[in-house]
Amino acid sequence: MVLSSGHDFGWIPWIAERVRGVPITDMTAALLMAGVVGLLLCLLALRIGRRVRNPETYLVPDRRVTLTALFDAGVDWLAGLAEEVMGAQAKRHLPFLGSVFFYILISNLCGLIPGFLPATSNLNINLAIGFSVFFYYHYMGIRAHGVGPYLKHFAGPLIWIAPLFFVIELVSHVVRPLSLSIRLFGNMTVDHAVLGVFTELTKVIIPVAFLGLGLFVCLVQAFVFTLLSMVYIALAEAHAEESHH
């Protein structure tokens, strides 16, 4: 199992073999890595929460670049992007979208640390995130309008082609989480492999440039996944609004 740049070594299997004495599977390692990322997000959220509850410290910006300051800047940027894409409804979706964005981003960034494979290079993890988005935007569409009226747009404008239209719409919606997951999986797997190859061949200096490229890819993939999630949620609620008129 390749968990680092260019070496068949990973900290998770290495620790597991010494603690338990048995090899660890790729899926188990990915799940453990996903759990670590989730724990990091929870700890960061608790720290941010304590600052928010104390306006005297929260309203005063940090004098140096800190993890909290970067997180605050990321939330502000994400809130602005969500408002541009989704309008006035963006604020109530921000907790979900922020969770998706930062979870993917931190998972991706973990792959830049020697000895760790990004959890997002495992398709099963990505499918879990993709279908979370799938169920969320359908739930929000149903909540905004109701089950019957929301499902009505799946049947199309003409009753005599409703069965065919329904199947086409159903397939297009099922493909959405699959495309989100496979795109993220492919890009992170390739990026990690390229970084590993050049690290193995050149050892020093040149890998730094590919680390920079890897950082860019990590940001872009989290951005694309979250942006498409915003679009799907906005479309689901737009269908509900259209059926009101």
*For the ring pair Tyr136 and Tyr139, is the centre-to-centre distance below 6.0 Å?*
no
*Could you pull out the closest heavy-atom pair between Leu227 and Leu81, with the gap in Å?*
CD1-CD1, 4.3 Å
*asked:* Using only atom types and a distance under 3.5 Å, with no angle test, would you say the side chain of Tyr103 pairs donor to acceptor with the backbone of Ala34?
replied: yes
_Do the side chains of Arg143 and Glu237 get close enough for a salt bridge, i.e. N-O under 4.0 angstrom?_
no
_Spacing of CG belonging to Leu41 relative to CZ belonging to Phe102, to within rounding of 0.5 Å_ = 8.5 Å
*Does Leu228 belong to the same Ile/Leu/Val/Met/Phe/Trp/Tyr cluster as Val175, with side-chain heavy atoms less than 4.5 Å apart forming each link?*
no
_Tyr137 versus His93, side-chain donor and acceptor atoms under 3.5 Å_ = no
*On the 0 to 90° scale, with breaks at 30° and 60°, tag the Tyr150-His138 ring pair as parallel, tilted or perpendicular.*
perpendicular
*Answer yes if the side chains of Asn108 and Thr120 hold a donor-acceptor pair under 3.5 Å, and no otherwise.*
yes
*asked:* If I compare all heavy atoms of Gly130 with all of Ser181, which pair ends up nearest, and what's the gap?
replied: CA-OG, 4.0 Å
_Closest non-hydrogen atom pair, Asn122 against Asn124_ = OD1-N, 2.9 Å
*Is there a path of hydrophobic side-chain contacts, each under 4.5 Å between heavy atoms of I, L, V, M, F, W or Y residues, that connects Phe135 with Val231?*
yes
*Which atom pair, heavy atoms only, marks the closest approach of Phe223 to Phe101?*
N-CE1, 3.9 Å
*Would a distance-only check, ignoring hydrogens and angles, find a side-chain to backbone donor-acceptor pair under 3.5 Å from Ser121 to Thr189?*
no
*Determine, using ring centers only, whether Tyr232 and His173 are less than 6.0 Å apart.*
no
*To the nearest 0.5 Å, tell me how far Glu83 CD sits from Leu94 CG.*
10.5 Å
*For residues Ile142 and Val147, report the shortest heavy-atom separation together with the two atoms involved.*
CG2-CG2, 3.6 Å
*So, for Gly98 and Leu78, which heavy atoms are closest and what is the spacing to 0.1 Å?*
CA-CD2, 3.4 Å
*Is there a chain of hydrophobic side chains (I, L, V, M, F, W, Y, each step under 4.5 Å between heavy atoms) that links Leu219 to Phe216?*
yes
